[in-house]
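Here's the structure we're looking at; comments come further down.
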Amino acid sequence: MSYRAPLSDFEFLLSDVVGLDQVTATDRFADATPDVVRAILSEAAKLSEGVLAPLQRPGDVHPARLENGVVRTSPGFAEGYRAIAEGGWIGIAAPPAYGGLGLPMALATAVNEMMSAACLSLQLNPLMTQGQIEALEHHGSDAVRALYLPKLVSGDWCGTMNLTEPQAGSDVGALRTRAESNGDGTFAITGQKIYISWADNDFTTNVCHLVLARLPDAVPGTKGISLFLVPKYLPDANGDAGPANDLSVVSLEHKLGLHGSPTAVMEYSGATGWMVGPENGGMAAMFTMMNNARLGVGVQGIGVAEGAYQHALAYAIERRQGRAGGKGSIVEHADVRRMLTTMKVDTYAARGIALLCAVAIDMGVATGDPVWRARAALLTPITKAFGTDTGIEVAQQGVQVHGGMGFVEETGAAQYLRDVRVTAIYEGTNGIQSMDLVARKLADGGEAVYRLLDEIQSEAEAARNGLSGLAQAVWDAAETLRETTEWLVACDDLQDRFAGAVPYLRAFARVLGAHVHLRSARMAGAGPRRALAAFYIERLLPEHVGLLAHVQAGAGGLYALSVEDLAA
Ligand SMILES: Cc1cc2nc3c(=O)[nH]c(=O)nc-3n(C[C@H](O)[C@H](O)[C@H](O)COP(=O)(O)OP(=O)(O)OC[C@H]3O[C@@H](n4cnc5c(N)ncnc54)[C@H](O)[C@@H]3O)c2cc1C
């Protein structure tokens, strides 16, 4: 399906809105000069538009399949993967010592968005590998890093993450896969994992699984979980893929969408694995991969939103229906305008939030400053949940803009919706992200939130000159969010906090999105960015009031009806 990368939005957001210049002013990222940034964005756009976008439809129509225990991928995916690997895109943010480009996460985030917009199901493969690279870089032994990282960075080998089991989904602590010492520094891994993305393929020479499992004496729950690297083929004396390990792909799921991405049931039958990180410290090690992937999955939603928006706009310009003023195409109808403009401003807001998160990650890496690290930790669940919710809502509106043709597969509008739906579920459901926000991310007494709200209000002050009405609305919204945050911080009953977690996260994203739009309007001066900011702030931001009222209602009302009442 066709796709045009929104390069001017990326360039403007990076240079004028989210502060990439702070990142490139550090020694760590000094190589990311403006010329490098421009060249990377434009090359990634070429790859996404020319090579990956044509694979989106074949991936849907010809799903990955299992033949005699081997996964056969969709037509063209092998060539698409090779183009991603040979372009160096898998290792864009990986350390140069292992062959990576060492560029900022902010840039990697823009690149990942383009690739997911073009072909979500294929892009999930390198996304998993990127997370594994980061996990091994931080928690792998010297030997593991030296052997695996160059091969993962080059794309010769790829990586997966194995948490989920039938009885252990959101509740990872319930997992039962066992790990027993072989007495030679390796472990025998036994158990079944389900829903494993890209568990196998026919284009890399090895697949490296990061598997959560329990040692025999481990305590129950998440404190008794360790992490193991379990390759499909055991490395031989030269470090190449050698004999097959004791693991197999049992079956592939038949899914609503994302057909090009094989989602597997995996059986580990005493497979050889190497421990990553300390004994019983597996969750902390896996969290490195999960945090990377949470930003990446949020960005998947944003990419799909962009693709769905472009398709809906093109259709709306073409389709003639009704007596609309002007040329008679449906783009002239007020309600279609409402849908298209909502799609555009929400996608932009979510993109700005993701890039703010990525800049915070980069600053944390470059400076080690705990304030930046706390900012990144705060923005990660918001980016994941709001990015993916936006992907779903925009794709859903895209179907509506197409009318009946949206429900017919040939336009591709439905595929965007089917493909993106899972992003709100995997990598921790959006409900779990919201609970993380109101519990763990407020454990500092709200300090990171209040610091961010101070900055949003300072930006609003700066925007008063020329944008006074919009600036006041953003300032007020930040203040309302501050008051609700104070209520949450003071609330001892976690159940009350959890009851309002999803509306709180969404209200937070609304305020952040308004901040991104307001700053964009101020930095751009005249032009359409002002009209976009006005649309977002005047029509979408007010949603935060109702959402925050919901937050403070607590849990009581949720249990006013018994399960029997619900069933009546
Ligand atoms: C296409 C696809 C690809 C996937 N890829 C991978 C992969 O590569 N690796 C991997 O390990 N896993 C993968 N998963 C699994 C995915 O991460 C899980 O499906 C997800 O974490 C949810 O777990 P679950 O399906 O068991 O749902 P459940 O945990 O049963 O959740 C069901 C509902 O209950 C809610 N819920 C659960 N617990 C709580 C709670 N404590 N408080 C409030 N609400 C709660 C959830 O938010 C959800 O709405 C994939 C899944 C799919 C569908």
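Order of listing sets the numbers, starting from 1, for every ligand and every atom in it. Computed from heavy atoms alone, side chains included, the values below leave out hydrogens, waters and symmetry copies.
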Q) At their closest point, which heavy atom of M289 faces which heavy atom of L210, and how far apart are they? A) SD-CD1, 3.7 Å

Q: Quick one: look up the protein heavy atom nearest atom 45 (C) of ligand 1 and list residue, atom name and how far away it is.
A: I432 CD1, 4.2 Å

Q | Test side-chain contact (heavy atoms from CB on, under 4.5 Å) applied to T390 and I302, step by step | A | CA-CA 7 Å; T390 299; I302 303 163; 5.7 Å; no

Q: Please check if the distance between the ring centroids of Y81 and W157 is under 6.0 Å.
A: no

(Q) My understanding is that we take every heavy atom of each candidate and find the minimum distance to atom 25 (O) of ligand 1. Doing that for Y195, Y426, W198, F498, which one comes out nearest? (A) Y195

(Q) Measuring from atom 29 (O) of ligand 1, which candidate in S170, G169, S121 has the nearest non-hydrogen atom? (A) S170

(Q) Check whether W198 reaches the backbone of S121 with its side chain - one donor and one acceptor, N or O, closer than 3.5 Å. (A) yes

Q: Give the residue, atom name and distance (to 0.1 Å) of the protein heavy atom nearest atom 49 (O) of ligand 1.
A: T429 CG2, 4.6 Å

Q) Counting only heavy atoms on the protein side, is anything nearer than 4.0 Å to atom 35 (C) of ligand 1? A) no

(Q) What protein heavy atom lies closest to atom 53 (C) of ligand 1? Include the residue and the distance to one decimal. (A) V422 CG2, 3.5 Å

Q | Nearest protein heavy atom with distance in Å, relative to atom 8 (O) of ligand 1 | A | S197 N, 3.0 Å

Q) Taking N or O atoms only and a 3.5 Å limit, does N162 qualify as a polar contact for ligand 1? A) no

Q. Which ligand 1 atoms does L163 reach within 4.0 Å, using its non-hydrogen atoms?
A. 10 (C), 11 (O)

**Q.** D60 side chain reached by R418 side chain, heavy atoms, under 4.5 Å
**A.** yes

Q: Give a yes or no on whether atom 32 (C) of ligand 1 lies under 4.0 Å from any heavy atom of the protein.
A: no

Q: Run the contact test for T263 against ligand 1 with a 4.0 Å cut-off on heavy atoms, strictly below, and give the result.
A: yes

Q. Counting heavy atoms only, which of T423, I196, I425 comes nearest to atom 20 (C) of ligand 1?
A. I425

Q | Heavy-atom nearest neighbour in the protein, as seen from atom 9 (N) of ligand 1, with distance rounded to 0.1 Å | A | M161 O, 2.8 Å

Q: Count the heavy atoms belonging to other residues, nucleotides or ligands that lie under 6.0 Å from CG of D492, then report whether that count exceeds 12.
A: no

Q | Shortest protein contact, atom 18 (C) of ligand 1 (heavy atom only) | A | T164 OG1, 4.3 Å

Q.
Against ligand 1, does T160 come closer than 4.0 Å with any heavy atom?
A. no

Q: State whether the number of non-hydrogen atoms from other residues, nucleotides or ligands found under 6.0 Å of Y195 atom OH is greater than 12.
A: no

Q. With a cut-off of 6.0 Å (strictly less than), are more than 12 heavy atoms of other residues, nucleotides or ligands near OH of Y233?
A. no

Q. Given the protein's heavy atoms, is any one of them under 4.0 Å from atom 11 (O) of ligand 1?
A. yes

**Q.** R214 (side chain) donor-acceptor with L175 (main chain) under 3.5 angstrom
**A.** yes

Q: Give a yes or no on whether Q167 atom CD has more than 12 heavy-atom contacts from other residues, nucleotides or ligands under 6.0 Å away.
A: yes

Q: Please verify whether a non-hydrogen atom of E427 lies at under 4.0 Å from ligand 1.
A: yes

Q.
Please check whether D171 reaches ligand 1 - meaning an N/O of the residue sits under 3.5 Å from an N/O of the ligand, judged on distance alone.
A. no

**Q.** Any donor-acceptor pair under 3.5 Å from K193 side chain to V211 backbone
**A.** no

(Q) So, using salt bridge (Lys or Arg N to Asp or Glu O under 4.0 Å) as the criterion, who are the partners of E486 when residues are at least two apart? (A) none

Q. Does M435 have a heavy atom less than 4.0 Å from any atom of ligand 1?
A. yes

Q.
Protein heavy atoms near atom 47 (O) of ligand 1, is at least one of them under 4.0 angstrom away?
A. yes

